[in-house]
Amino acid sequence: METMTVPGTAVLPTLRIRQATAVDAAALAIFAARTFEETYGKDNRPEDLALHLATAFGPRQQAAELADPHVVTLLAHCDGQLAAYAQVRRAVPPPCVAGRAPIELHRLYIDRPWHGRGVSQRLLAEVRTVAAVQFGGATLWLKVWERNARAIAFYAKSAFVDVGVADYFVGTDRQTDRVLVSTLAGSAPPP
Ligand SMILES: CC(C)(COP(=O)(O)OP(=O)(O)OC[C@H]1O[C@@H](n2cnc3c(N)ncnc32)[C@H](O)[C@@H]1OP(=O)(O)O)[C@@H](O)C(=O)NCCC(=O)NCCS
């Protein structure tokens, strides 16, 4: 889909972003579970984390998501290595999302070595394109844990605004997510 050079690296790698297919299920399952655990593992009870990993990730779960026409998964490879992924989907938003034609950014995970190096911005740009062009969206919305300060800072500088809260369960633990929205550029005006 896209090839670019990542700034700020001594040896400049090539970033390639493409849509995932069924053959990516196994690699995606491993990457998704690892990056979730690295992000939230230290702030959750091991039993809740284990329950969440068992239900949200795994080759069968990822294969089902990859086969779902209402879900698009984007993979970003740096020099051939999987460095990040994002998932965009049609989903019913929480009531605080009032924007027209809402599309959810369900997941955005950059591997730690690539944090702060521009991969997130490039992947988010592709997410916006998929949401607007492929899904006909006018509003991009997402949920982010209220304690995920880095992600909240990233979304704030990426034109998202906070519109409310929603529950999120990690295992049996009910947590509070902030709900953020961003208008999709180039979306068609309302009829
Ligand atoms: C969230 C994520 C996508 C952001 O991508 P990134 O490349 O790390 O983002 P950036 O470095 O461009 O921006 C992060 C900002 O947060 C700031 N920041 C870092 N740690 C912070 C903290 N503890 N509190 C507040 N701000 C923080 C950074 O300084 C930076 O702001 P700046 O550019 O003004 O300096 C990436 O960190 C990631 O994948 N994290 C793990 C998974 C995750 O949390 N996904 C989001 C789920 S909703």
Side-chain angles (χ1 to χ4, degrees), residues 2 4-10 12-17 20 27-44 48-49 52-53 55-57 61-62 65 71-79 81-89 91 93-94 96-97 102-131 137 139-171 173-182:
E2 175 187 339
M4 66 166 291
T5 300
V6 178
T9 52
L12 294 177
T14 298
L15 173 67
R16 184 167 173 268
I17 299 175
L28 180 60
I30 293 167
F31 185 87
R34 176 172 64 76
T35 51
F36 186 93
E37 188 166 7
E38 287 176 358
T39 304
Y40 301 112
K42 67 180 186 328
D43 296 312
N44 284 279
D48 285 325
L49 189 73
H52 186 83
L53 292 176
T55 52
F57 304 109
Q61 174 74 15
Q62 262 57 63
E65 292 173 3
V71 179
V72 167
T73 302
L74 294 168
L75 304 181
H77 287 85
C78 291
D79 280 348
Q81 286 286 110
L82 185 55
Y85 82 106
Q87 206 171 58
V88 190
R89 68 180 186 180
C96 57
V97 174
I103 297 296
E104 182 183 15
L105 170 51
H106 182 222
R107 293 180 179 141
L108 179 68
Y109 284 79
I110 319 298
D111 210 356
R112 276 201 180 142
W114 299 99
H115 287 186
R117 295 169 71 179
V119 175
S120 48
Q121 282 85 356
R122 299 306 306 174
L123 190 52
L124 182 57
E126 290 298 331
V127 163
R128 289 183 184 280
T129 299
V130 168
T139 305
L140 189 62
W141 68 274
L142 62 87
K143 300 198 300 182
V144 56
W145 193 20
E146 62 179 352
R147 290 171 58 184
N148 190 345
R150 183 176 190 119
I152 289 171
F154 169 75
Y155 292 127
K157 72 175 182 178
S158 305
F160 282 84
V161 295
D162 189 316
V163 293
V165 294
D167 286 344
Y168 187 82
F169 281 87
V170 175
D173 186 28
R174 185 168 74 175
Q175 305 179 347
T176 300
D177 278 2
R178 302 309 309 180
V179 179
L180 311 182
V181 301
S182 181

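First listed ligand is number 1; within each ligand, the first listed atom is number 1. For this chain, numbers begin at 1 and follow the sequence in order.
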**Request:** Taking ring pair (Phe, Tyr, Trp, His ring centres under 6.0 Å) as the test, write out the residues that go with Phe36, two or more places apart.
**Result:** Tyr40, His52, Phe57
**Listed partners of Gln62 passing side-chain hydrogen bond (donor to acceptor under 3.5 Å, both in side chains), at least two apart** = Glu65
**Complete:** Distance filter under 4.0 Å, heavy atoms only, around ligand 1 gives Thr39, Tyr40, Leu108, Tyr109, Ile110, His115, Gly116, Ser120, Gln121, Lys143, Val144, Asn148, Ala149, Arg150, Ala151, Ala153, Phe154, Tyr155, Lys157
**Asked** Is a side-chain donor or acceptor of Ser182 paired with a backbone partner of Ala159 at a separation under 3.5 angstrom?
**Response** yes
**Item:** Trp114 to Cys78 - nearest heavy-atom pair and separation
**Value:** CZ2-CB, 3.4 Å
**Under the salt bridge (charged side-chain N to carboxylate O under 4.0 Å, His left out) test, residues paired with Arg112 that sit two or more places apart** = none
**Prompt:** Do Gln81 and Asp111 get their side chains close enough for a donor-acceptor pair, meaning under 3.5 Å?
**Reply:** no
